J.: 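I am attaching a structure below and will ask some questions about it afterwards.
Nothing here was measured: the structure is a model prediction, and the numbers come from that model.
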Amino acid sequence: MRYTLPEEFHVFGFAKDLLDWYDAQKRDLPWRINRDPYRVWVSEIMLQQTRVDTVKPYYANFMEKFPTVQALAEASEEDVLKAWEGLGYYSRVRNLQAAAREVQERYGGVVPKTPEEIRTLKGVGPYTAGAILSIAYEKPEPAVDGNVMRVFSRLLYLTDDIAKPATRIKIEHLVRQVIPEGRAGDFNQALMELGAMVCSPRSPQCLTCPVFDYCIARREGVQEELPNKGKAKPPRPVHLQVALIVRDGAVMINKRPEQGLLAGMWEFPMVETDVESEAAKRELVTQQMNERFGVEVEVQERIGEVQHTFSHLQWNMQVWLCDWISGDELPPTARFAAVEELDDYTFPVAHHKIRPMLDKK
DNA sequence: GACGCGTGGGT
DNA sequence: TACCCAAGCGT
């Protein structure tokens with residue numbers, strides 16, 4: 001694979017025109033107030049696969065609760081997870097806290113300044129490492145995200161599939177050759193800003209683009225055809241029966257395993273089923289609640305259906321109201337919680353749709 | 001290299 | 001509606 005820029009590409013002019021535009025047009029974002037490495041770090045983790053407008057309120061709350069590496073390192077995992085509730089990709093915040101503890105203990109609370117060291121931190125991959133090093137420390141490292149791959153695909157008419165890891169490596173080599181002396185952080189941010197505000201996935205605003213003159217795809221009229229991106233598989237359907245087991249104004253909840261999907265979050269107990277008859281579902285719920293949680297229940301009525309789609313799964317949930325009959329020896333992951341106290345627990349969004357059904361009861 | 005991992009907004 | 005997309009990382 002070739003990692004060299006086309007001869008006719010004017011590196012200096014491109015960087016200058018892009019930076020002039022960025023200096024004049026950049027958005028006021030809360031993580032751009034200063035270049036504190038911890039603030040940059042938290043923002044980059046939150047922004048992974050997540051939109052700016054979604055992140056803003058979470059960022060403000062998170063920085064208020066955990067303003068320093070030390071504060072995050074010393075916080076309880078429940079408090080940290082609660083502050084992330086609703087943002088998605090929860091392993092991000094578990095890794096972030098583990099890394100904060102690592103920075104506190106091993107680096108005296110100072111975020112490392114070399115690619116080798118910072119890459120050892122949990123949750124810090126090639127993009128995040130480059131972003132922190134360039135923005136906080138002005139190191140000439142590339143920070144290649146989806147925006148940058150789209151911009152460069154068009155700018156240089158690259159037809160490589162950006163879904164493949166090898167393409168990111170290639171674009172990192174190319175970006176490295178364009179980063180201007182002394183302004184690595186702004187340059188990387190400018191590329192992303194351009195991708196977000198001008199060089200959008202669909203209907204790019206080429207007529208107002210500050211680097212229109214440098215763009216090969218635009219010159220050839222193929223900007224709408226790029227980048228080349230492989231198609232994702234559709235989510236796999238899963239059928240689930242949800243049991244709302246009520247006992248004196250309390251409802252049973254269960255903590256998910258510490259690994260895998262929605263790790264460590266609370267949920268109402270669920271049973272996976274094939275699509276079957278109503279009677280079979282009732283029977284299965286009764287049997288499974290007994291086997292897994294040691295409680296005898298009487299399934300009352302079906303009080304609702306909820307559908308929730310993940311990137312790779314589609315949960316089709318049918319919700320059953322159940323009476324607790326007997327059984328006090330719950331496994332350590334399960335408990336009965338008063339309805340008013342449910343807000344103290346972290347639930348996935350899929351279960352937020354179930355919660356209102358309890359209040360109606 | 002392929003897959004698992006959330007959620008919300010846009011067209 | 002049914003897609004697509006969004007400042008990726010770990011395994």
Side-chain angles (χ1 to χ4, degrees), chain A residues 26-27 29-32 39-59 81 84-96 98-99 118-132 134-135 142-151 160-169 171-172 175 185 187-197 199-204 224 227 229-236 238 256-265 267 307-315 346-353:
Chain A
K26 68 180 174 189
R27 292 169 288 179
L29 299 173
W31 42 90
R32 287 180 177 164
R39 290 179 59 87
V40 173
W41 181 16
V42 171
S43 76
E44 291 303 340
I45 300 298
M46 281 195 177
L47 285 162
Q48 289 170 5
Q49 301 289 284
T50 310
R51 303 180 118 75
V52 165
D53 285 342
T54 304
V55 164
K56 280 181 182 172
Y58 282 93
Y59 184 76
L81 194 57
W84 208 269
E85 183 179 15
L87 251 191
Y89 287 128
Y90 299 94
S91 66
R92 288 185 297 176
V93 74
R94 302 155 69 83
N95 289 335
L96 176 61
I118 203 166
R119 277 298 310 272
T120 66
L121 299 176
K122 285 188 177 176
V124 178
Y127 163 76
T128 305
I132 297 172
S134 63
I135 297 170
V144 175
D145 70 338
N147 284 311
V148 177
M149 288 200 282
R150 182 172 61 257
V151 168
D160 310 74
D161 182 354
I162 64 168
K164 295 188 182 304
T167 304
R168 195 207 72 236
I169 305 278
I171 294 178
E172 282 172 351
V175 170
F187 181 76
N188 282 335
Q189 292 189 83
L191 283 176
M192 294 187 275
E193 192 88 349
L194 187 74
M197 306 304 291
C199 196
S200 42
R202 280 170 295 195
S203 310
E224 301 264 14
K229 185 174 183 182
K231 295 214 191 307
K233 289 194 316 187
R236 173 173 63 87
V238 178
R256 296 179 62 90
E258 298 298 334
Q259 298 276 326
L261 179 66
L262 302 169
M265 301 184 78
E267 67 182 5
Q307 187 177 90
H308 185 80
T309 305
F310 301 82
S311 354
H312 56 303
L313 293 177
Q314 176 178 297
W315 277 4
T346 306
F347 285 88
V349 166
H351 283 250
H352 290 173
K353 301 168 186 171

J.: Which listed nucleotide (dG6(B), dC5(C), dG10(C)) is nearest to the side chain of L262(A)?
T.: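 Minimum distance to the L262(A) side chain belongs to dG6(B).
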
J.: For R256(A), answer base if it contacts any base atom (sugar-phosphate contacts may also be present), sugar-phosphate if it contacts only those atoms, and nothing otherwise; contact means non-hydrogen atoms under 4.0 Å.
T.: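 Touches nothing.
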
J.: What contact category does S91(A) fall into here, base, sugar-phosphate, or nothing, at under 4.0 angstrom with non-hydrogen atoms?
T.: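 Since no nucleic acid heavy atom lies under 4.0 Å of S91(A), the category is nothing.
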
J.: At under 4.0 Å between heavy atoms, what does V124(A) touch on the DNA or RNA strands: base, sugar-phosphate, or nothing?
T.: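 Counting heavy atoms under 4.0 Å across all strands, the contact made by V124(A) is with sugar-phosphate only.
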
J.: Could you tell me whether the side chain of R92(A) has a donor or acceptor atom within less than 3.5 Å of a complementary atom in the base of dC5(B)?
T.: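 Counting by modelled atom types and ignoring angles, no donor-acceptor contact under 3.5 Å is found here.
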
J.: Could you tell me whether E224(A) and R202(A) have a side-chain N and a carboxylate O separated by less than 4.0 Å?
T.: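 No, this pair does not count.
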
J.: Contact class for R119(A) vs. all strands (heavy atom < 4.0 Å): base, sugar-phosphate, or nothing?
T.: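 Answer is nothing: R119(A) stays at 4.0 Å or more from every strand.
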
J.: When you check the phosphate oxygens OP1 and OP2 of dA6(C), does a side-chain N or O of R150(A) lie under 4.0 Å from one of them?
T.: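 Checking dA6(C) against R150(A), a side-chain N or O does come within under 4.0 Å of OP1 or OP2.
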
J.: It should be established whether Y90(A) places a side-chain nitrogen or oxygen under 4.0 Å from OP1 or OP2 of nucleotide dT7(B).
T.: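 Looking at the OP1 and OP2 atoms of dT7(B), one of them is under 4.0 Å from a side-chain N or O of Y90(A).
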
J.: Report which part of the nucleic acid G86(A) touches: base, sugar-phosphate, or nothing (heavy-atom distance under 4.0 Å, all strands).
T.: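 If one applies the 4.0 Å heavy-atom cut-off, G86(A) turns out to touch the sugar-phosphate alone, with no base involved.
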
J.: Hey, does T309(A) reach any base, or is it just sugar-phosphate, or nothing, if we go heavy atoms under 4.0 Å?
T.: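 Base, at least one base heavy atom under 4.0 Å.
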
J.: Under 6.0 Å between ring centres: does that hold for W31(A) and Y59(A)?
T.: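 Yes: the rings meet the under 6.0 Å criterion.
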
J.: Select base, sugar-phosphate, or nothing to describe what W315(A) touches, counting heavy atoms under 4.0 Å on all strands.
T.: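 Counting heavy atoms under 4.0 Å across all strands, no contact is made by W315(A).
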
J.: Under 4.0 Å from OP1 or OP2 of dT7(B): is there any side-chain N or O of H308(A) that close?
T.: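 Checking dT7(B) against H308(A), a side-chain N or O does come within under 4.0 Å of OP1 or OP2.
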
